[in-house]
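The structure under discussion appears below in the form of structure tokens.
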Amino acid sequence: MKKIEVKEAGGKLGVLVVGVGGAVASTFITGTLAVRKGVGQPIGSITQLATIRLGKRNENRFPKIKDVVPLAQLDSLVFGGWDIFEENVYEAARHAEVLTVEDIDKVKDELMAIKPMKAAFDQEYVKRLHGTWVKKAANRWELAEQIRQDIRNFKAENGCDRLVVIWCASTEIFLPLGEEHQSLAKLEAAMKSNSDKIAPSMCYAYAALSEGVPFINGAPNLTVDMPAMWELADKMNVPICGKDFKTGQTMMKTVLSPMLKTRMLGLSGWFSTNILGNRDGEVLDDPASFKTKEESKLSVIHNILQPELYPELYGNVYHKVRINYYPPRKDNKEGWDNIDIFGWMGYPMQLKVDFLCRDSILAAPLCLDLVLFTDLSQRCGFKGIQSWLSFYFKSPMHDNEHIAEHDLFIQYVKLKNTLRTIIGEETIDFIDE
């Protein structure tokens with residue numbers, strides 16, 4: 001198999017985080033700095049810990065991914081970004097209360113040096129937050145131009161060879177796909193007319209792609225999931241991926257749903273509820289922002305179970321999702337699921353799942369993997385939607401000619417087979433073993 005020509009991962013890789021002072025971002029950055037300093041472990045990171053099988057099983061070749069795939073080294077990462085509050089990332093990490101002060105202090109000097117740029121923010125799109133460190137502009141076009149200048153300045157001031165932008169900020173209010181999003185020309189016209197269909201997140205995505213920088217969407221916002229942005233990504237030869245990091249409850253759904261389907265067990269209903277605190281919980285307490293998250297969470301089961309093919313098993317499923325803001329939990333989210341299933345001759349059974357997880361602890365390694373893999377995509381010459389990274393998202397992006405793949409295990413096979421292809425190894429279909 002011909003090996004893909006991959007540009008060398010030399011020099012510095014700038015990682016620009018939208019929402020750099022949030023719980024997810026500060027946990028991601030603190031952990032990455034701790035790992036490269038030798039005072040932390042990258043638990044949960046595929047790029048740092050996972051192995052990859054090469055060749056036939058009897059060859060017994062299972063190297064670590066990071067040893068055979070030409071990824072950027074952690075020492076090359078330079079962090080920056082934007083936030084609606086002025087505090088540096090050390091102060092933000094302390095405020096988030098995800099990590100202990102002892103762990104945060106291990107990289108205190110590095111964190112204090114990361115100070116956010118003013119954010120593109122409009123409270124109409126995230127109603128529960130009141131930003132104090134925000135840009136002023138006449139319209140969305142001007143806002144995007146300011147972000148583009150930020151990107152250029154950061155790259156020059158830090159001597160970066162390449163950049164990646166990742167959205168770790170809050171969930172915006174629900175915006176359906178509209179006419180303004182159907183083409184690049186219409187999007188740009190809407191930005192110049194300051195249309196309310198252009199959310200701040202779209203300004204970041206437009207700015208990044210226009211500067212030739214890959215964009216990762218970690219929230220369920222529309223943002224880059226539209227024909228206009230696909231057109232821009234294609235024009236600029238830039239990879240994009242999203243949307244909404246797959247961490248707690250939805251990760252469980254992508255595991256349990258395939259189990260039901262592969263065993264041809266029926267599903268009557270699936271009730272999911274969450275309690276969480278921190279900024280994410282506060283934002284999702286607003287019905288308009290929750291609507292965006294709800295759309296992301298609800299799509300998973302339908303896509304995996306394919307009720308149109310199995311109406312007798314999944315044609316009448318009642319699926320309900322609830323998210324409740326509960327400040328005492330802070331970042332320690334609880335996702336509870338009641339699942340009513342049925343088996344042989346229609347006899348009912350139940351599954352109960354109570355996942356007491358830490359949202360930012362689960363999301364942080366995803367951020368690291370996505371930054372490294374998206375940079376790899378750029379150096380491979382890949383552009384547009386990176387479906388091979390669907391493994392990391394609740395609502396994997398797809399164009400109008402394809403359907404999304406939600407099954408976690410199929411996604412994982414696709415991820416590893418893409419890596420095999422990149423390094424010139426045979427893909428594995430598990431037939432000839």
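Since the structure is predicted, the reported quantities are computational estimates derived from the model, not experimental observations.
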Can you tell if the side chain of [X] reaches within under 4.5 Å of the side chain of [Y], non-hydrogen atoms only?
{"X": "Lys352", "Y": "Ile339", "answer": "no"}
{"X": "Leu370", "Y": "Val164", "answer": "no"}
{"X": "Asp122", "Y": "Leu143", "answer": "no"}
{"X": "Lys243", "Y": "Thr223", "answer": "no"}
{"X": "Tyr125", "Y": "Ser201", "answer": "no"}
{"X": "Leu313", "Y": "Leu267", "answer": "no"}
{"X": "Phe215", "Y": "Pro239", "answer": "no"}
{"X": "Leu129", "Y": "Phe121", "answer": "yes"}

Output yes when a side-chain donor or acceptor of [X] lies under 3.5 Å from a complementary backbone atom of [Y], and no otherwise.
{"X": "Arg420", "Y": "Thr427", "answer": "no"}
{"X": "Arg61", "Y": "Pro63", "answer": "no"}
{"X": "Asp331", "Y": "Ser360", "answer": "yes"}
{"X": "Lys186", "Y": "Ser183", "answer": "no"}
{"X": "Arg379", "Y": "Pro70", "answer": "yes"}

Assess, by modelled atom type and distance only, whether the side chains of [X] and [Y] contain a donor and an acceptor separated by less than 3.5 Å.
{"X": "Asn338", "Y": "Asp340", "value": "yes"}
{"X": "Lys246", "Y": "Gln411", "value": "yes"}
{"X": "Ser390", "Y": "Glu405", "value": "no"}
{"X": "Arg329", "Y": "Asn332", "value": "no"}
{"X": "Asp83", "Y": "Trp133", "value": "no"}
{"X": "Ser193", "Y": "Ser195", "value": "no"}
{"X": "Ser395", "Y": "Asp244", "value": "no"}
{"X": "Lys64", "Y": "Gln48", "value": "no"}
{"X": "Thr30", "Y": "Asp103", "value": "no"}
{"X": "Gln249", "Y": "Asp337", "value": "yes"}
{"X": "His95", "Y": "Glu87", "value": "no"}
{"X": "Trp230", "Y": "Asp399", "value": "no"}

Check against side chain to side chain contact (heavy atoms under 4.5 Å, CB included), Phe62 and Asn60: CA-CA 6 Å; Phe62 294 91; Asn60 199 28; 3.5 Å; yes
SB check [X] [Y] (cutoff 4.0 Å):
{"X": "Arg148", "Y": "Glu211", "answer": "yes"}
{"X": "Lys330", "Y": "Glu97", "answer": "yes"}
{"X": "Lys333", "Y": "Asp359", "answer": "yes"}
{"X": "Glu188", "Y": "Arg140", "answer": "no"}

Parallel, tilted or perpendicular: rings of Phe79 and Phe28 (30°, 60°): perpendicular
Ile84 vs Gln123, side chain to side chain contact (heavy atoms under 4.5 Å, CB included): CA-CA, chis, key distance, verdict: CA-CA 10 Å; Ile84 62 174; Gln123 198 177 345; over 6 Å; no
Qualifying residues under side-chain contact (heavy atoms from CB on, under 4.5 Å), relative to Asp234, sequence neighbours excluded: Lys383
Kindly give the heavy-atom pair with the smallest separation between [X] and [Y], and that separation in Å.
{"X": "Pro227", "Y": "Gln182", "result": "CB-O, 3.3 Å"}
{"X": "Ser257", "Y": "Ile304", "result": "CB-CG2, 3.7 Å"}
{"X": "Thr132", "Y": "Phe85", "result": "OG1-CD2, 3.6 Å"}
{"X": "Leu305", "Y": "Tyr310", "result": "O-CD1, 3.5 Å"}
{"X": "Lys394", "Y": "His406", "result": "O-CE1, 3.0 Å"}
{"X": "Ser170", "Y": "Asn221", "result": "O-ND2, 3.8 Å"}

Within the 6.0 Å centroid threshold, strictly below: Trp141 and Tyr206: yes
Side chain to side chain contact (heavy atoms under 4.5 Å, CB included) between Ile423 and Leu54, worked out: CA-CA 10 Å; Ile423 62 175; Leu54 302 179; 4.1 Å; yes
Counting only heavy atoms not in [X], do more than 12 fall under 6.0 Å of its [atom1]?
{"X": "Gln73", "atom1": "CD", "result": "no"}
{"X": "Glu312", "atom1": "CD", "result": "yes"}
{"X": "His402", "atom1": "NE2", "result": "no"}

Identified side-chain hydrogen bond (donor to acceptor under 3.5 Å, both in side chains) partner of Ser272 from the options Lys320, His319, Lys253, Arg322: Lys253
Candidate pair Ile341 and Gln350, rule side chain to side chain contact (heavy atoms under 4.5 Å, CB included), full reasoning: CA-CA 6 Å; Ile341 65 175; Gln350 289 187 347; over 6 Å; no
Cation-pi geometry met for Lys414 and Trp388 (6.0 Å, 45°): no
Counterpart residues, salt bridge (charged side-chain N to carboxylate O under 4.0 Å, His left out), relative to Glu401 (two or more places apart): none
Nearest-0.5 Å distance that lies between atom CG in Asn217 and atom CD1 in Ile240: 9.5 Å
